[in-house]
Amino acid sequence: MEGKKYQAIEEEEDHDILKAEEPAIGYIFDFGGTLDTGGCHWGKVLWHAYERCRVGVTEAQFREAYVYAERTMGRLPLVQPTFTMPDTLAVKLRLQFGFLADQGYWQLSAGNAQCEAVLADVCALAASHVAHSREVLQRLKGQGSPLALVSNFYGNLPAVLRHYGLDTCFDAVIESAAVGVRKPDPRIFRLGVEALGLQPAEVTVVGDSLANDIVPAGSIGCSTVWLEGEQWSDIPVDRSLPSRVIADLDELA
């Protein structure tokens, strides 16, 4: 009996050693709409702020302004490399409100007060979400998981991460403006996988967009986790596309 007891202890210790030697699964995270809004599309985040601040426009009019601002920021170098997230959102909102005024949807007599109110609203919301995301990232990192960030952004992502205290969370940051590849091109996820020194099957990609994150990452062999939040469109989605669906990043850790 004593011999069997010691054999069982030795087998348990061997099992623990094997578990310790197993490679940690890496994670690739999206930023916008994932770490900063909890899965809610930024268009919806902004629209709800417009509602809370009682900006007198319809959602259809806001959507026109949102699309105009996104296209303008993608075309023109309006965002400087040193801009934080509040700086970036300020540019976005100035473009939106300028468009609304030009179209006659919003009266300039309201001045800058409403624009500033919306900015303060969404900045506070983003800061709260990022604080929660940072806790989850730190727990994953503490468990030995290598982490990368892959994001379509304006060339100022390092400044944004420093502002939020996220710059030490990631082993690699792949920004579309820096590498010349944008989602949904799967190559940007390959860059993230390679930066972690792993194979696609060893990496889980976490994002809020089925089209930009889940489908391209899955196409190169990564596991995928969809952070499901309020979407820009009401069109039904295929929930079988991701490997897993979560409502909060806490479910990862």
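Computed from heavy atoms alone, side chains included, the values below leave out hydrogens, waters and symmetry copies.
Residues Val203 and Val179 share a single hydrophobic cluster, defined by chaining ILVMFWY side chains whose heavy atoms lie under 4.5 Å apart. A continuous path of Ile, Leu, Val, Met, Phe, Trp and Tyr side chains, each step under 4.5 Å between heavy atoms, connects Trp106 with Phe62, placing both in one hydrophobic cluster. Ile214 and Ile174 sit in two unconnected hydrophobic clusters of ILVMFWY residues. Membership requires side-chain heavy atoms under 4.5 Å apart, directly or through other members.
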N/O donor to acceptor pairs below 3.5 angstrom from side-chain atoms of residues 69-83, sequence neighbours left out:
from	atom 1	to	atom 2	distance (Å)
Glu70	OE1	Tyr154	OH	3.4
Glu70	OE2	Lys92	NZ	2.6
Thr72	OG1	Tyr68	O	2.8

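Partners of Asp185 under the salt bridge (charged side-chain N to carboxylate O under 4.0 Å, His left out) rule, at least two apart in sequence or in another chain, are Arg187. With sequence neighbours excluded, the residues forming a side chain to side chain contact (heavy atoms under 4.5 Å, CB included) with Thr58 are Ala60, Gln61, listed by chain and number. In this structure Phe31 satisfies the ring-ring contact (aromatic ring centres under 6.0 Å, His included) test together with Phe153, sequence neighbours excluded. Not counting sequence neighbours, the partners of Asp250 by the salt bridge (charged side-chain N to carboxylate O under 4.0 Å, His left out) test are Arg139. Applying the salt bridge (charged side-chain N to carboxylate O under 4.0 Å, His left out) rule to Arg239 yields the partners Glu228; only residues at least two apart in sequence or on another chain are considered. By the side chain to side chain contact (heavy atoms under 4.5 Å, CB included) test, Ser223 pairs with Thr204, Ser243, sequence neighbours left out. Remark: Ser176 pairs with Asn152, Arg182, Ile188 by the side chain to side chain contact (heavy atoms under 4.5 Å, CB included) rule, at least two apart or across chains. Taking the side chain to side chain contact (heavy atoms under 4.5 Å, CB included) definition, one finds that Ala49 meets it with Arg52, Val118, Asp121, Val122, sequence neighbours left out. Not a single salt bridge (charged side-chain N to carboxylate O under 4.0 Å, His left out) links Glu175 to another residue, sequence neighbours left out.
Residue pairs meeting the salt bridge (charged side-chain N to carboxylate O under 4.0 Å, His left out) criterion with at least one partner in residues 206-227, sequence neighbours excluded, are Lys183-Asp213. Evaluation of the side-chain hydrogen bond (donor to acceptor under 3.5 Å, both in side chains) test over residues 35-44, restricted to residues two or more places apart or in two chains, returns Asp36-Trp42, Lys44-Glu59.
The shortest side-chain heavy-atom distance between Trp47 and Arg63 does not fall under the 4.5 Å cut-off. Proximity of Leu46 to Gln96: side-chain heavy atoms (C-beta onward) are separated by under 4.5 Å at one or more points. With a 4.5 Å cut-off on side-chain heavy atoms, Phe97 and Tyr50 count as touching. Here the side chains of Leu252 and Tyr27 are in contact, with some heavy-atom distance below 4.5 Å. The side-chain heavy atoms of Ser209 and Asp30, taken from C-beta on, include no pair separated by under 4.5 Å.
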Assess the residue pair Asn156 and Thr88 against the criterion (side chain to side chain donor-acceptor pair (under 3.5 Å)); give the C-alpha distance rounded to whole Å, side-chain angles, the decisive distance to 0.1 Å, and a yes or no.
CA-CA 9 Å; Asn156 63 318; Thr88 306; 2.9 Å; yes
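Taking all atoms of both residues into account, the shortest heavy-atom contact from Pro216 to Pro186 is O-CB, 3.8 Å. Minimum heavy-atom separation, Arg94 to Cys115: N-SG, 4.3 Å. Residue Leu198 comes nearest to Val193 through the heavy atom pair O-CG1, 3.1 Å, listed as atom of the first residue, atom of the second, then distance. For the pair Phe189 and Asn212, the tightest heavy-atom approach, listed with the atom from each and the gap, is CE1-O, 3.4 Å. In terms of heavy atoms, Leu89 sits closest to Leu119 at CB-CD1, 3.7 Å. Thr34 approaches Val206 most closely through the heavy-atom pair CG2-O, 4.2 Å.
Distance CG/Leu137 to CG/Leu249: 7.5 Å, rounded to 0.5 Å. Rounded to the nearest 0.5 angstrom, Ser240 OG and Trp226 CH2 are separated by 11.0 Å.
Of the possible polar contacts, none joining the Glu116 side chain to the Ala113 backbone as a donor-acceptor pair under 3.5 Å is found. Between the side chain of Gln114 and the backbone N or O of Asn112 there is no donor-acceptor pair closer than 3.5 Å. Side chain of Arg162 to backbone of Thr84: no donor-acceptor contact under 3.5 angstrom is found. Side-chain atoms of Asp171 come within 3.5 Å of backbone N or O of Leu147 as a donor-acceptor pair. In this structure a side-chain-to-backbone donor-acceptor pair under 3.5 Å is missing from Arg190 to Ile220.
Heavy atoms from other residues, nucleotides or ligands lying under 6.0 Å from CD of Gln199 number 12 at most.
The aromatic ring centroids of Phe99 and Tyr66 lie 6.0 Å or more from each other.
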